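Worksheet: one structure, shown below.
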Amino acid sequence: MKKCRICNGELAAFLEFGKMTLANAFLRPDKLSGEFFFDLTACFCSSCCMVQLLDQPPREKMFHSEYPFFTGSSKKMTEHFRDFAQSVRSRYLSSGDPLVVEIGSNDGTFLSNFKSWGIRHIGFEPAENPALAAETKGIRIFRGFFEADTARRVLAEAGKADVIIAANVLCHIPDLHSVLESVKILLKPGGVFVFEEPYWGDVLSKVAYDQIYDEHVFLFSVLSIRALFERHDMEIVCLEPQATHGGSMRFVAALRGDHPVDPGVNRQIEIEMARGLDRTDAYRDFSLKCEASRKRLRDILLSLKKDGKRVMGYGATSKSTTVTNYCGITPELIHSICDTTPVKQNRLSPGAHIPIVPYEDFETTLPDYAVLFAWNHSREIFEKESGFTRRGGKWIIFVPEVKILGREDIYDSVSSVIS
Ligand code: TMP
Ligand code: ZN
């Protein structure tokens with residue numbers, strides 16, 4: 001049995017998905033052979049409470065030249081990162097010529113705000129496509145992973161950072177000790193390390209098992225993050241829950257004693273203990289709920305197929321790879337998945353081989369039902385697609401529970417999903 005990546009404690013498996021492929025390995029229809037599979041198993045460390053994968057594929061297989069995720073593809077995420085940047089600027093950038101460093105800066109959606117304000121910035125980004133997209137916007141990118149030697153190179157060139165940011169990045173990195181050592185190389189005394197990541201508490205309460213996939217080697221609670229940072233003489237000084245990615249937490253960390261600790265941090269720890277996030281029972285309960293969710297979604301899709309209904313997927317998210325493969329959803333059950341990202345279009349979904357089609361096909365295919373794989377963007381999508389339910393189309397959602405939603409459920413009732 002493998003040991004915890006953070007504290008070397010014993011790992012207990014609580015959800016086994018079996019053979020799974022890479023969430024973002026969209027396939028060319030003419031190149032189906034040699035698809036990579038690994039055993040996807042979620043574990044819990046009873047010593048430090050960190051939720052993690054038993055095995056993770058090599059990072060070069062996941063973050064390569066064709067990595068298809070672009071933050072800027074969602075309008076709401078772009079707005080979120082503008083607000084985030086404004087909050088960082090007003091709260092943490094007081095010195096004369098501050099430097100903001102972002103770990104995993106993707107297409108530069110977050111840093112573009114600092115560029116427009118004339119604030120020095122550098123983004124670390126190893127994936128070529130998003131790095132190129134950021135550079136095209138005039139954003140300074142260091143092409144590579146964030147490690148001690150790359151941090152030292154940026155330090156020599158630009159000096160220490162007032163703020164280091166990471167958004168939806170830390171949960172991807174297996175060696176978090178190396179990240180924190182590198183943060184300490186580059187962070188100014190009195191500086192802060194602000195990161196936001198999908199929050200394990202939300203995954204549990206929403207039965208959002210689709211947050212578990214190859215790239216998310218960890219899913220964080222405040223308990224597990226506190227244990228990690230303590231090992232590096234750092235502490236969490238502030239928490240801010242976020243609605244992004246279906247429920248995230250923004251953590252503000254600093255060197256121990258550099259900043260006062262907000263009382264909300266201990267309050268959240270108490271909430272997590274009361275919910276049993278430090279005990280195996282909560283994990284067993286979660287896995288039973290995942291099994292029930294899988295059965296219900298599959299049963300609905302099988303019955304729609306029997307009735308000759310046309311079902312399409314909406315949003316070829318990373319998370320959808322877990323759902324389609326775990327629930328055995330094949331092209332016989334879902335005709336195609338529409339997505340706005342050009343590099344995903346005209347490819348096949350990883351493992352399940354469902355065709356990915358341009359977003360415009362959602363209009364022309366006229367599906368009877370659409371499975372909302374991009375459920376974390378539901379508000380944006382329901383606003384945009386009011387015409388779909390107006391002509392009788394129905395959404396199938398599976399988080400927080402498997403449900404079919406018609407127009408009256410979303411737009412017409414007082415307790416509507418969109419309000
Ligand atoms: P994410 O859940 O990892 O942010 O990925 C969202 C995916 O959904 C991405 O491939 C873009 C796609 N998408 C659409 O196709 N239409 C939309 O309206 C939105 C918001 C996202
Ligand atoms: Zn541990």
Side-chain angles (χ1 to χ4, degrees), residues 1-12 23-24 26 43-54 67-81 106-107 109 129-130 167-169 171-172 174 176-177 197-198 208 210-211 213-221 223-231 242-248 277-278 312-323 336-345 347 349-350 356-363 370-386 388 395 399:
M1 189 71 180
K2 296 209 171 98
K3 295 289 174 81
C4 170
R5 293 171 178 85
I6 304 300
C7 76
N8 219 26
E10 297 295 326
L11 292 178
N24 275 304
F26 293 88
C43 302
F44 160 70
C45 170
S46 52
S47 304
C48 75
C49 302
M50 186 64 86
V51 172
Q52 56 201 282
L53 300 187
L54 190 60
Y67 187 66
F69 181 77
F70 292 85
T71 308
S73 68
S74 159
K75 197 168 113 260
K76 286 275 190 303
M77 284 307 281
T78 305
E79 287 168 12
H80 168 80
F81 282 112
N106 197 263
D107 60 4
T109 301
N129 279 346
N168 308 306
V169 169
C171 68
H172 293 69
L176 287 181
H177 293 309
E197 308 283 328
D210 57 346
Q211 287 287 14
Y213 57 88
D214 58 325
E215 294 173 21
H216 287 173
V217 64
F218 297 114
L219 285 160
F220 300 134
S221 58
L223 279 164
S224 61
I225 282 294
R226 181 180 67 170
L228 167 66
F229 278 70
E230 269 173 0
R231 291 175 166 257
Q242 305 293 317
T244 48
H245 286 288
S248 300
L277 264 60
D278 57 340
M312 208 168 166
Y314 198 106
T317 55
S318 324
K319 300 186 293 298
S320 67
T321 296
T322 293
V323 181
S336 54
I337 305 175
C338 71
D339 196 283
T340 48
T341 317
V343 289
K344 294 182 185 177
Q345 294 163 359
R347 301 235 173 167
S349 74
I356 312 299
V357 296
Y359 162 67
E360 293 70 27
D361 285 24
F362 186 63
E363 293 276 301
V371 180
L372 186 57
F373 288 122
W375 59 267
N376 48 312
H377 301 286
S378 60
R379 174 177 269 273
E380 177 172 354
I381 292 169
F382 289 156
E383 274 172 13
K384 193 162 72 181
E385 303 297 351
S386 58
F388 169 58
W395 291 103
V399 171

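Computed from heavy atoms alone, side chains included, the values below leave out hydrogens, waters and symmetry copies. Counting starts at 1 for both ligands and their atoms, following the listed order. In this text the structure is predicted, and so the values were computed from the model without any measurement.
Residue-ligand proximity, Thr341 to ligand 1, at heavy-atom distances under 4.0 Å covers atoms 9 (C), 10 (O), 11 (C).
Judged by the 6.0 Å and 45° rule, Lys384 forms a cation-pi pair with Tyr359.
Seen from the Zn ion (ligand 2), atom SG of Cys7 and atom SG of Cys4 lie 110° apart in angle, a value rounded to 10°. Rounded to the nearest 10 degrees, the angle SG (Cys48) to the Zn ion (ligand 2) to SG (Cys45) equals 110°.
Neither the backbone nor the side chain of Phe373 comes within contact range of ligand 1; no heavy atom lies under 4.0 Å. Neither the backbone nor the side chain of Met77 comes within contact range of ligand 1; no heavy atom lies under 4.0 Å. Of the heavy atoms in Ile381, only side-chain atoms (C-beta onward) come closer than 4.0 Å to ligand 1. Residue contacts with ligand 1 for Lys384 involve side-chain atoms from C-beta outward but no N, CA, C or O (heavy atoms, distance under 4.0 Å). The proximity of Thr340 to ligand 1, defined as any non-hydrogen pair under 4.0 Å, involves the side chain as well as the backbone.
Shown here is Glu79, whose CD atom has more than 12 heavy atoms of other residues, nucleotides or ligands within 6.0 Å.
Residue contact annotation: Cys49 places no N/O/S atom under 2.8 Å from the Zn ion (ligand 2).
The aromatic rings of His245 and His377 lie perpendicular to each other, with more than 60° between the two planes, well past the 30° mark.
Here the OG-CG distance, from Ser318 to Asp214, works out to 8.5 Å after rounding to the nearest 0.5 Å. Note that OG1 of Thr244 is 6.5 Å distant from CG of Asn168, once rounded to the nearest 0.5 Å.
Under a 4.0 Å heavy-atom criterion, Lys319 is in contact with ligand 1.
When side chains are defined from C-beta on, Met50 counts as touching Phe220, because their heavy atoms get closer than 4.5 Å.
Checked by distance only, ligand 1 and Lys344 come closer than 3.5 Å through their nitrogen or oxygen atoms. Among the atoms of His377, some N or O lies under 3.5 angstrom from an N or O of ligand 1. For Asp339, a nitrogen or oxygen atom sits less than 3.5 Å from a nitrogen or oxygen atom of ligand 1, counting backbone and side chain alike.
For the side-chain contact (heavy atoms from CB on, under 4.5 Å) test with Phe373, the passing option among Asp210, Thr321, Ile337 is Ile337; the others fail. Checked against Asn376 for a side-chain hydrogen bond (donor to acceptor under 3.5 Å, both in side chains), the options Lys76, Lys319, Gln211 give a single hit: Lys319.
Glu215 and Asn24 are linked by a side-chain donor-acceptor pair at a separation below 3.5 angstrom, with hydrogens and angles left out of the test.
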